[in-house]
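First comes the structure, then the notes that go with it.
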Amino acid sequence: MTLTEPWRVLAFLVGIIAFVALNAAYLVWLERKVAGHIQGRIGPKEVGPFGLLQPLADGIKLMSKQLLVPKGVDPLLFKVAPLLVLVPAVMSFVTIPFGENLVARNIDIGLLMIFAFASVNVMGLLLGGWGSNNKYAVISAARAVSQNVAYEIPMLITVVTMIMLTSTMNLNEMVIQQGGGILNWHFFANPLMPFAFLIFFVCALAETNRAPFDLGEAESELIAGFHTEYSGMGFGVFFMGEYANIIIGCSLAVILFLGGWQSPFEFLSDQGLWGVFWFLAKVYFLIFCVMWIRWTYPRTTLWGLLNLSWKILIPISLLILLLTGAMIKVWPLITGAS
Amino acid sequence: MNDLARSPNQETFVLNLGPQHPATHGVLRVKLTMDGEYIVDAEPVLGYVHRMHEKMGENRTWVQFMPNTARLDYLGALSYNHGYVKVVEQAMGLEVPERAEYLRVITVELNRIASHLLWFGAFVLDLGGFTPLLYAFDDREHILDLLESVTGSRLTFCYYRFGGLCNDVDDDFLTGTRAFIKRLRKRLPDYHNLVTKNIILINRLKDVGVLSAEMCRKYGATGPVLRGSGVDYDVRKNEPYSVYPELDFEVPVYSEGDSMARYMVRMDEIDQCLRIVEQALDKLPEGPVMAEKVPKILKPAAGDYYGAVEAARGTFGIRIVSDGTNIPYRMKLRSPTFSNLSLYGEASRGLLLPDALALMGSLDLVIPEIDR
Amino acid sequence: MSGYFKELFGGTKSLFVGLGITFKYMIKPVVTVQYPHETLVMPPRFRGHIELVGDEETGAPKCVVCGMCQKACPTNCITLTGEKPEGGKKKVLTGYILNFTTCSLCGLCVESCKFDAITFSRDYNLAGPRKDAYIFDLKKRLEEKSG
Ligand code: SF4
Ligand code: SF4
């Protein structure tokens with residue numbers, strides 16, 4: 001491509017925002033379809049063929065609704081909070097490689113940047129809950145924070161393992177290392193990796209407040225949690241942020257473990273748009289799993305969540321870190337390679 | 001009680017759970033005094049759907065009160081129908097034909113399964129799992145179809161009459177019921193694999209909201225709540241009525257007293273109900289479904305009568321006082337969930353909010369029956 | 001320690017079993033009826049609101065205005081009027097109003113009628129914006145039906 005740098009970034013930005021908005025809309029549709037079929041129903045079907053225009057109708061409904069600002073809220077926090085959830089998520093897409101050359105900014109610390117932005121997300125929940133002047137929202141905000149703190153640790157430990165394995169924080173680089181067929185994916189790099197993947201995936205679920213870790217918006221306990229008081233697009237932006245975060249989480253899992261845009265078999269091309277295809281196929285598969293999980297399990301409690309994090313995920317991820325480190329250092333000694 | 005919740009001088013706040021809250025399934029309001037997420041005090045506030053059924057009973061004839069009994073516990077209406085016809089028949093000294101009694105048992109037990117299935121779904125929904133609700137509704141829908149084909153309605157049945165039933169059943173109902181028993185037996189393992197054995201659910205219910213047998217007795221809790229606390233009490237066994245003595249079934253009892261025990265009692269009860277229905281179908285005699293000499297205008301001899309049945313949620317007792325006219329003098333209903341709810345204040349103290357909601361779900365509340 | 005791993009293993013297994021079950025149901029055909037497009041026929045005993053029965057030949061209501069149904073109704077939702085036509089012996093129904101808003105669908109009225117003059121409708125598609133849409137003039141309905 002011959003675009004100059006500022007134009008390139010602009011083009012990517014517009015593309016990413018469109019991608020996020022479209023995805024948020026159609027993931028809701030997909031979620032409703034998946035939920036429907038899991039439960040023996042059909043899901044949306046009235047608006048357009050297969051209900052495909054349903055997201056459009058929902059969008060129009062949300063946008064045409066009045067943005068209520070209830071009495072007693074902190075107006076600034078109340079209005080900023082949804083953006084604080086959405087914007088970092090959109091920013092994170094800047095470093096995600098959709099294809100070999102399809103990345104907005106191929107920076108060397110891409111992974112770090114995503115985690116930096118991910119921790120802003122929780123601020124949005126906290127401020128939204130706090131600013132709403134609603135007891136349910138405050139409880140939910142407190143839950144969301146403790147949950148995020150607890151889950152960032154095992155997630156980061158797993159990520160450190162991956163960094164050790166790949167010795168880079170550049171996401172595109174990581175993907176390139178996994179070229180050459182399914183067996184070269186990091187998922188199969190050593191016998192511990194499937195567990196690392198599982199831990200990463202569980203943490204990603206918890207980070208994005210998805211069931212069974214949706215304590216923040218536990219509808220049977222806290223009505224709608226931090227977005228109880230939001231109406232219209234205020235709620236809509238929270239929603240988009242949630243789905244954007246899910247896409248980010250799943251993309252990261254794909255990049256770290258499942259070979260990013262690489263095709264699973266060498267005889268299948270991953271050049272150009274094929275790369276995008278493979279990448280999105282894997283991401284959507286993981287997103288489907290996320291939905292599948294949501295519609296299968298009951299919700300955990302905060303205790304259950306912290307127990308899982310501190311008693312299971314952290315020790316095991318530490319163990320994986322140690323063993324992987326040992327393997328990287330000791331294996332070459334044994335086999336005599338340099 | 002957890003030490004955290006005991007810290008002195010800490011600020012508490014009041015959280016109004018309901019009257020419109022997703023977990024109260026209706027219009028119950030619980031005033032929670034909370035310290036963080038710990039419950040310091042819980043006070044159920046009743047009366048949002050009070051319809052003065054008892055007073056209504058004093059203003060209409062004995063027959064005309066029938067539809068009211070179906071509107072107490074709309075999920076297990078037939079048990080309440082049964083309780084009412086039973087006590088009036090007792091007062092009138094009416095003999096009910098055997099076929100009618102068997103059909104009463106079959107329909108009541110089907111209704112009990114439907115009620116437990118709905119509870120199962122709603123309970124898991126309280127715990128955040130959405131899907132089991134729809135599976136349970138699918139099965140429940142089959143029961144409702146069966147009951148609709150004989151009674152004409154799906155929820156607020158009004159099927160029994162003093163001295164029998166208003167309609168006999170047809171063969172379609174009998175074969176349909178047998179088919180349903182087969183179907184549910186096939187599906188129950190799925191329920192257990194999906195929900196009962198799920199580690200998340202077990203962690204949420206085990207040792208949560210423990211009710212001692214003593215506490216249950218103190219507040220008069222009955223039904224699965226009492227049986228989940230290790231007390232083997234079931235009106236069908238302890239004060240047998242109808243044709244229950246001729247049927248072979250067990251009363252599931254769990255001694256742990258936690259939410260899981262109450263869950264297990266109800267799930268096991270579904271199995272037992274299926275057994276009862278199956279036996280009753282096998283033994284179903286031929287004959288009339290209505291007693292012969294039922295007077296047109298009912299005038300029970302003056303007196304004071306009490307009868308109780310085992311409803312899906314516990315003992316439903318009904319006391320009627322007749323002054324010998326065709327209009328009841330006094331009608332007193334003892335509804336099980338009212339007593340079951342009254343222990344909530346004490347039992348939920350010191351629990352975390354989600355655990356308290358798990359406890360509330362495990363009590364299986366039906367608000368119109370509490371408020372009457 | 002072994003208990004820890006046992007629980008971990010058992011727990012994880014239970015989660016995967018759960019996923020298996022929801023997947024099984026996902027690929028099964030749906031069980032719902034797509035309501036406004038497909039409708040179910042109610043069983044013969046379905047108790048909808050009541051409807052007057054017309055005479056098979058004349059189409060005139062079979063009701064003899066004895067008032068039993070009105071008396072049997074627990075919620076007084078039946079109002080009927082009748083008059084003796086000049087020279088006629090029997091009373092003729094002039095109006096039969098059902099206040100469906102308070103009807104509890106108990107069926108006592110139908111049971112009390114010894115002339116089989118009322119029956120249950122099998123119509124369940126009842127929804128309307130106003131309360132007075134449910135004050136049914138059953139006589140008029142019957143006349144409309146018999147054309
Ligand atoms: S069904 Fe019952 S409530 Fe309705 S009109 Fe007939 S008697 Fe009255
Ligand atoms: S009981 Fe039958 S015949 Fe008598 S008034 Fe009512 S509908 Fe008419």
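Quick caveat, the model's predicted, so the values are computed rather than measured. Sequence lines set the chain letters: A, B, ... in the order given, protein chains first and strands last, and positions in each chain run from 1.
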| For A/Arg143, all residues meeting salt bridge (charged side-chain N to carboxylate O under 4.0 Å, His left out), sequence neighbours excluded | A/Glu221, B/Glu37
| request: Provide the closest heavy-atom pair for A/Arg41 versus C/Thr32 in the form atom of the first, atom of the second, distance. | output: CA-OG1, 3.9 Å
| More than 12 heavy atoms of other groups within 6.0 Å of A/Lys311 NZ | no
| query | Heavy-atom count around A/Phe285 CZ within 6.0 Å, excluding the residue itself: above 12? | reply | no
| message | Run the salt bridge (charged side-chain N to carboxylate O under 4.0 Å, His left out) test against A/Arg32 and tell me which residues pass, sequence neighbours left out. | response | A/Asp58
| query | What do you reckon, is NZ of C/Lys24 surrounded by more than 12 foreign heavy atoms closer than 6.0 Å? | reply | yes
| C/Tyr124, OH: over 12 other non-hydrogen atoms inside 6.0 angstrom | yes
| Looking only at side chains, do C/Thr22 and A/Trp295 share a donor and an acceptor under 3.5 Å apart? | no
| task | Dump the intermediate steps for side chain to side chain contact (heavy atoms under 4.5 Å, CB included) on C/Tyr4 and A/Ile312, then the final yes or no. | result | CA-CA 9 Å; C/Tyr4 172 85; A/Ile312 297 174; 3.7 Å; yes
| So which bits of residues 107-121 of chain C come within less than 4.5 Å of chain A, counting non-hydrogen atoms only? | none
| note | From the list C/Leu8, C/Val31, C/Leu15, the residue making the most non-hydrogen contacts under 4.5 Å with chain A is C/Leu15
| Flag if over 12 foreign heavy atoms under 6.0 Å of OH, C/Tyr35 | yes
| Per-residue contact mode, A/Ile293 against chain C (heavy atom under 4.5 angstrom) | both
| Beyond-backbone contact of C/Phe23 with A/Ile38, side-chain heavy atoms, under 4.5 angstrom | no
| What are the two closest heavy atoms between C/Gln34 and A/Ile42, and how far apart are they? | NE2-CD1, 3.3 Å
| field | Residue-level interface, residues 36-46 of chain C with chain A, non-hydrogen cut-off under 4.5 Å | value | C/His37
| query | Is any side-chain heavy atom of C/Ile21 less than 4.5 Å from a side-chain heavy atom of A/Thr296? | reply | no
